[in-house]
Amino acid sequence: MATVIDTLQERGLFEAVTSPDIGRLVENPAAVYAGFDPSASSLQIGNYVTIMGLAHFQRAGHKVVALVGGATGLIGDPSGKTNERPMLSAEEVEQNLEGIRENLSRFLDLNDKQAPAVIVNNHDWMKRFTFVEFLRDVGKHFRVGAMLAKESVRARMEGDRGMSYAEFSYQLIQAYDFLHLYDTEGCRIQIGGSDQWGNITAGTDLIRKLRGVEAYGLTFPILCDSTGRKFGKSEGNAVYLDRRRTSYYQFYQYFLRTADADVIRYLRVLTFVPMDEIAAMEEAMQSAPEERIAQKRLAEELTRAVHGTEGLTIARRASEVLFGGTLSGLRVDDLLEIFADVPSVEKRLDEVRGRPLVDVACAAGLCRSKGEVRRLMADGGFYVNNQRVTEHSATVNDDMLIEGRMVVLRSGRRHFLLVRIV
RNA sequence: GGUGGGGUUCCGGAGCGGUCAAACGGGGCAGACUGUAAAUCUGUUGGCUAAGCCUUCCUAGGUUCGAAUCCUAGCCCCACCA
């Protein structure tokens, strides 16, 4: 019978494992954990790979524990980082934890009858230690040689930046977390991105030493796009799972724009779409790449998984309108939702109505000068409510005022500006 | 400390008394094409009450009918020599 390990392997969620014996362990219900760093108030799509890993385990009937790093977040994981990060305050970490807990609860079933997922915070047990106790109980079992050999430490020592003692000790805390979760939740498996290998093996070693038990680590590849860039950044900004940081529309669009070379891989890693369906899409792509069937499916599946059917509907409607579809028939309230992440300005009615469009567009900030607006009009790149306007002398007439409450200005294909009448 | 060279519109970089709002390249912004891809092609790129006017070529003065261009002083860069 296929185990969760087989599933992870065939979907590209498998990079390395500490021992192949893990295959036997997962033939029966086991407990697995993965950690999430509270370095921001929302998880990013990059974290979603880890979430998928946990979700696959849960689907296979295993107990899943998501650890949020209330303690480790105060230190900062050096793994995969070239520089020491600025330390977050306790309040920041506390706030971020809240957001991340909310994120996680959307993807892991906390009420599953057989194997409900659990969210724990390592601060709850770390706070009980005094420094001396921690050194005696945990530090005593680590050899500096082994710690220095970790990739995360070596990379820093080779550079000219070095690392602080605090970050150096990070691996001890994560190792202890694993031990603690073994004791309290029966976790014998930790999963994470490949950059977590060092931290994970620190934990398996500790458990072997102190409990004489074999614990397992499993890593999956860090998701990159075909140009080698780390996946999940959109114009330099990360794609977040929180709609307040990445709107439904932006989220949906990010995936719709996935390169052909990446989309099949993403479908395997980020969705539960059955493998045979993915294979069919891969074939369909050969004959009709312009249909972008795979991209549409990817965007749809992920948006629904992360933001629900309602989020998907809004993202789709927004896509239609923001790509030049007609605004007629849409109500102001719909438009406000659709244009949620479009910048907007407030103007009084008398500042808009009957005024030259050139003046209004400039005052609203669509362009820096009136000359620029005129140029834009001459180029055919100026739109009011998605209708091209080329006449320099045009004024804002009553038809342009949607319900008398707003005007949608647009420059070029995609730059919108909402003028709200107040 | 000495000697040369220089500071130009978003960047690089021409211009060296009128024809300069300033060549050319990059970038930006638009348009066409297209699969919301990549590439390509085209237009545009100081402001305005717009065939005209105004403010720009490090800063402050000056020469001249006229200065980005010449002179003086100041500030800042770069190169070489000590």
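Counting only residues at least two apart or on different chains, the ring-ring contact (aromatic ring centres under 6.0 Å, His included) pairs with a member in residues 395-422 of chain A are A/F339-A/F416. Listed by first and then second residue, the ring-ring contact (aromatic ring centres under 6.0 Å, His included) pairs involving residues 61-94 of chain A are A/F57-A/H62 (not counting sequence neighbours). A ring-ring contact (aromatic ring centres under 6.0 Å, His included) check over residues 89-115 of chain A, counting only residues at least two apart or in different chains, returns the pairs A/Y48-A/F107.
Partners of A/K63 under the salt bridge (charged side-chain N to carboxylate O under 4.0 Å, His left out) rule, at least two apart in sequence or in another chain, are A/E185. For A/F323, there are no ring pair (Phe, Tyr, Trp, His ring centres under 6.0 Å) partners two or more places apart in sequence or in a different chain. Legend: residues meeting ring pair (Phe, Tyr, Trp, His ring centres under 6.0 Å) with A/Y248, ordered by chain and number and at least two apart, are A/H307.
In this structure B/rU44 sits in a base pair with B/rG28, meeting the Watson-Crick or G-U test at under 3.5 Å. A 3.5 Å limit on both hydrogen-bonding distances identifies B/rC81 as the Watson-Crick or G-U partner of B/rG1. Figure legend. B/rA60 is base-paired to B/rU72; pairs are counted as Watson-Crick or G-U wobble with both atom distances under 3.5 Å. With a cut-off of 3.5 Å on both Watson-Crick or G-U wobble distances, the partner of B/rU55 is given as none. Base-pair partner of B/rC20: not found among the strands shown (Watson-Crick or G-U wobble, both distances under 3.5 Å). Nucleotide B/rA67: unpaired (no Watson-Crick or G-U wobble partner with both distances less than 3.5 Å). The partner of B/rU36 is absent, by the rule that a Watson-Crick or G-U pair needs both atom distances under 3.5 Å.
If you measure from atom CZ of A/R374 to atom C1' of B/rU45, you get 16 Å, rounded to the nearest angstrom. As rounded to whole Å, 17 Å separates atom P of B/rU36 from atom CG of A/L298. Atom OH in A/Y252 sits roughly 11 Å away from atom C1' in B/rU36 (whole-Å rounding). For A/R355 and B/rU49, the CZ to P distance is 13 Å, given to the nearest whole Å. At whole-Å resolution of the value, CZ in A/R410 and P in B/rA30 are 10 Å apart.
Interface residues of residues 280-292 of chain A facing RNA chain B, ordered by number: A/P289, A/E290, A/R292; criterion, heavy-atom separation under 4.0 Å. Only A/S369, A/K370, A/G371, listed by number, bring a heavy atom of residues 356-371 of chain A to less than 4.0 angstrom from any atom of RNA chain B.
The side chain of A/R414 lies closest to B/rU36 when the candidates are B/rU44, B/rA50, B/rU36.
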Could you pull out all donor-acceptor pairs under 3.5 Å where a side-chain atom in residues 276-286 of chain A meets a protein atom, sequence neighbours excluded?
from, atom 1, to, atom 2, distance (Å)
A/E277, OE1, A/R297, NH1, 2.9
A/E277, OE1, A/R297, NH2, 3.1

Donor-acceptor list for residues 381-388 of chain A side chains, cut-off 3.5 Å, not counting sequence neighbours:
from, atom 1, to, atom 2, distance (Å)
A/Y383, OH, A/R388, NH2, 3.2
A/N385, OD1, A/V408, N, 2.9
A/N385, ND2, A/M400, O, 2.9
A/N386, OD1, A/R410, NH1, 2.9
A/N386, ND2, A/V321, O, 3.0
A/N386, ND2, A/G325, O, 2.7
A/R388, NE, A/G380, O, 2.8
A/R388, NH2, A/G380, O, 3.0

Using distance only, find each side-chain donor-acceptor pair of residues 364-372 of chain A under 3.5 Å and give its atom names and separation, not counting sequence neighbours.
from, atom 1, to, atom 2, distance (Å)
A/S369, OG, A/E372, N, 3.2

Check against salt bridge (Lys or Arg N to Asp or Glu O under 4.0 Å), A/R316 and A/E300: CA-CA 9 Å; A/R316 276 185 167 149; A/E300 177 188 314; 2.9 Å; yes
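Remark: the separation of the C1' atoms in B/rU69 and B/rG2 is 29 Å, to the nearest Å. B/rA82 and B/rC76: their C1' atoms are spaced 23 Å apart (whole Å). Separating the C1' atom of B/rG52 from that of B/rC16 is a span of 29 Å, rounded to the nearest Å. B/rG25 and B/rC70 are spaced 27 Å apart, taking the P atom of each and rounding to whole Å. Comparing B/rC11 with B/rG43, their P atoms are spaced 25 Å from each other, to the whole Å. Distance noted for atom P between B/rC24 and B/rG46: 13 Å (whole Å). Using C1' as the reference atom, B/rA51 and B/rC57 are 26 Å apart when rounded to the nearest Å. Taking atom C1' in both B/rA68 and B/rU3, the straight-line distance is 27 Å, to the nearest Å.
Between atom CG of residue A/L88 and atom OG of residue A/S39 there is a gap of 7.0 Å, rounded to the nearest 0.5 Å. For the atom pair A/M406 CE and A/R420 CZ, the distance stands at 7.5 Å (nearest 0.5 Å).
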With the criterion being N/O to N/O and under 3.5 Å, what pairs connect the protein with nucleotides 25-29 of chain B, and how long is each?
none

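Checking A/R388 against A/Y249, the closest nucleotide of RNA chain B that is more toward the 5' end is the one next to A/R388. If you find the closest nucleotide of RNA chain B to A/Y383 and to A/Q295, the one lying nearer the 5' end belongs to A/Y383.
In this structure, A/R331 places its CZ atom where only 12 or fewer heavy-atom neighbours from other residues, nucleotides or ligands lie under 6.0 Å away.
With hydrogens and angles ignored, no donor-acceptor pair under 3.5 angstrom links the side chain of A/R375 to the base of B/rU44.
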